[in-house]
Amino acid sequence: MARAAMVDEVHFYATLARDTGEAALDEDVMQSLGTVERHEFVPARERRFAYENRPLRIGHGQTISQPYIVALMTDLIEPDRDFVVLEIGTGSGYQAAILAKLVTHVYSIEIIEALADEAAARLARLGYDNVTTKLGDGYHGWEEHAPYDAIVVTAAASHVPPPLIRQLKPGGRMIIPVGGRFMTQQLLLLEKTDDDEVITRQIAAVRFVPLTRER
Ligand code: SAH
């Protein structure tokens with residue numbers, strides 16, 4: 001089955017890359033990757049590539065991330081059953097769905113209205129009732145449901161948005177690509193300590209679409 005082959009490939013990739021410092025990604029994360037129907041999250045013309053380990057176009061100049069990167073980012077926040085997670089950049093809704101299998105609730109913000117509408121409808125149709133989405137500029141986070149156990153940013157920012165740091169729980173983790181539009185970015189893992197300090201670790205060089213701002 002194509003999805004199982006994709007999971008094997010992601011596992012192999014993780015073994016080689018060791019971006020987490022360990023040889024394998026968390027078993028629950030791999031299980032989520034093996035369960036979520038990625039073909040439901042891509043447009044019809046990309047469907048035959050749905051289980052290849054690469055990003056795909058989802059329209060409006062945006063992409064659904066490479067499965068390995070989705071798995072890596074999910075692994076790095078160390079998801080726990082009782083987590084409430086904020087995602088910036090809903091896109092297709094795939095990353096939100098992967099998280100939804102692992103945590104209590106996912107809040108996700110998308111800035112492009114058509115994508116936000118499509119993802120909301122898709123997630124509802126597929127039964128992901130622990131995901132809540134909204135249209136907006138994720139730079140400001142989502143104050144109403146803060147603080148979060150973890151924050152996953154899936155678009156590249158020039159800097160870490162201060163509102164997101166504020167909305168992270170002490171002990172919480174944020175994974176975010178940081179860097180300019182026309183260069184590779186650094187995937188950063190931030191950890192907020194119990195006394196509100198932030199510890200940052202560089203994980204890998206990545207390429208994400210830019211985090212755009214509301215005009
Ligand atoms: N997580 C997505 C990947 C989406 S690509 C998935 O699994 O499919 C990044 C997304 O971030 C794009 O859809 C883009 O429109 C969105 N985005 C860019 N800037 C944003 C912002 N300021 N706030 C919210 N979403 C933003």
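Residue numbers run from 1 in the order of the sequence given. As the structure lists them, so they are numbered: ligands from 1, and atoms in each ligand from 1. Below, each value reflects all heavy atoms present in this structure, side chains not excepted, and no hydrogens, waters or symmetry copies.
- Remark: Tyr13 OH is loosely packed, at most 12 non-hydrogen atoms of other residues, nucleotides or ligands lying under 6.0 Å away.
- Nearest protein neighbour of atom 14 (C) of ligand 1, counting heavy atoms only, is Gln62 OE1, 3.3 Å.
- Polar contact check, Ser92 against ligand 1: a nitrogen or oxygen pair lies under 3.5 Å apart.
- Counting heavy-atom neighbours within 6.0 Å of Arg54 CZ, excluding the residue itself, gives a total above 12.
- In Glu87, the part holding a heavy atom less than 4.0 Å from any atom of ligand 1 is the side chain.
- For atom 16 (C) of ligand 1, the closest non-hydrogen atom on the protein side is Glu110 OE1, 3.3 Å.
- By the criterion of side-chain heavy atoms lying less than 4.5 angstrom apart, applied directly or through intervening Ile, Leu, Val, Met, Phe, Trp or Tyr residues, Ile58 is grouped together with Tyr68 in one hydrophobic cluster.
- Hydrophobic clustering (side-chain heavy atoms under 4.5 Å, transitive across Ile, Leu, Val, Met, Phe, Trp, Tyr) keeps Ile112 apart from Val153.
- For ligand 1, the polar-atom distance check against Ile58 finds no nitrogen or oxygen pair separated by under 3.5 Å.
- Proximity to Thr90 (heavy-atom distance under 4.0 Å) selects the following atoms of ligand 1: 1 (N), 2 (C), 6 (C), 8 (O).
- The residue from Ile112, Thr154, Val70 that puts a heavy atom closest to atom 9 (C) of ligand 1 is Thr154.
- Note on Phe49: it clusters hydrophobically with Val7, by side-chain heavy-atom contacts below 4.5 Å among ILVMFWY residues.
- Following chains of ILVMFWY side-chain contacts shorter than 4.5 Å, one cannot reach Leu211 starting from Val209, and the two form parts of different hydrophobic clusters.
- The aromatic ring centroids of Tyr139 and His159 lie less than 6.0 Å from each other.
- With a 6.0 Å cutoff to the six-membered ring centre and a 45° limit on the axis angle, Arg38 does not count as a cation-pi contact of Tyr51.
- For ligand 1, the atoms closer than 4.0 angstrom to any heavy atom of Gly136 are 23 (N), 24 (C).
- Of all the atoms in ligand 1, the ones that sit under 4.0 Å from a non-hydrogen atom of Tyr94 are 7 (O).
- Residue contact check for ligand 1: Arg213 places no non-hydrogen atom closer than 4.0 Å to it.
- The pair Arg125-Glu40 meets the salt-bridge criterion, with a side-chain N (NZ, NE, NH1 or NH2) lying under 4.0 Å from an Asp/Glu carboxylate O.
- Residue contact check: Thr63 has heavy atoms under 4.0 Å from atoms 3 (C), 4 (C), 5 (S) of ligand 1.
- The protein non-hydrogen atom at the shortest distance from atom 19 (N) of ligand 1 is Thr212 N, 2.9 Å.
- Cluster membership check: Ile176 does not share its hydrophobic cluster with Leu189, using side-chain heavy-atom separations under 4.5 Å among Ile, Leu, Val, Met, Phe, Trp and Tyr.
- Taking both residues in full, the closest heavy atoms of Pro79 and Val103 are given as CB-CG1, 3.9 Å, listed atom of the first, atom of the second, then distance.
- Which parts of ligand 1 touch Ile64 is read off a 4.0 Å heavy-atom cut-off, strictly below it: atoms 8 (O).
- Every atom of ligand 1 is numbered from 1 in the order shown, and the set under 4.0 Å from a heavy atom of Val209 is 5 (S), 9 (C).
- Within the 4.0 Å heavy-atom criterion, both parts of Gln95, backbone and side chain, lie near ligand 1.
- Looking only at side-chain heavy atoms (C-beta outward), Thr132 and Val106 stay at 4.5 Å or farther from each other.
- Residue Ile88 has no N or O atom closer than 3.5 Å to an N or O atom of ligand 1.
- Heavy atoms of Leu115 found under 4.0 angstrom from ligand 1 belong exclusively to the side chain.
- Between Ile98 and ligand 1 there is no heavy-atom distance shorter than 4.0 Å.
- When only non-hydrogen protein atoms are considered, atom 17 (N) of ligand 1 lies nearest to Ile111 CG2, 3.8 Å.
- Among all protein heavy atoms, the one lying closest to atom 11 (O) of ligand 1 is Gly89 CA, 3.2 Å.
- Close contacts between ligand 1 and Gly138 involve ligand atoms 21 (C), 22 (N), 23 (N), 24 (C) [criterion: under 4.0 Å to a heavy atom].
- With a heavy-atom cut-off of 4.0 Å, Pro210 touches ligand 1 through its backbone alone.
- Donor-acceptor pairing under 3.5 Å is recorded for the side chains of Ser108 and Glu87.
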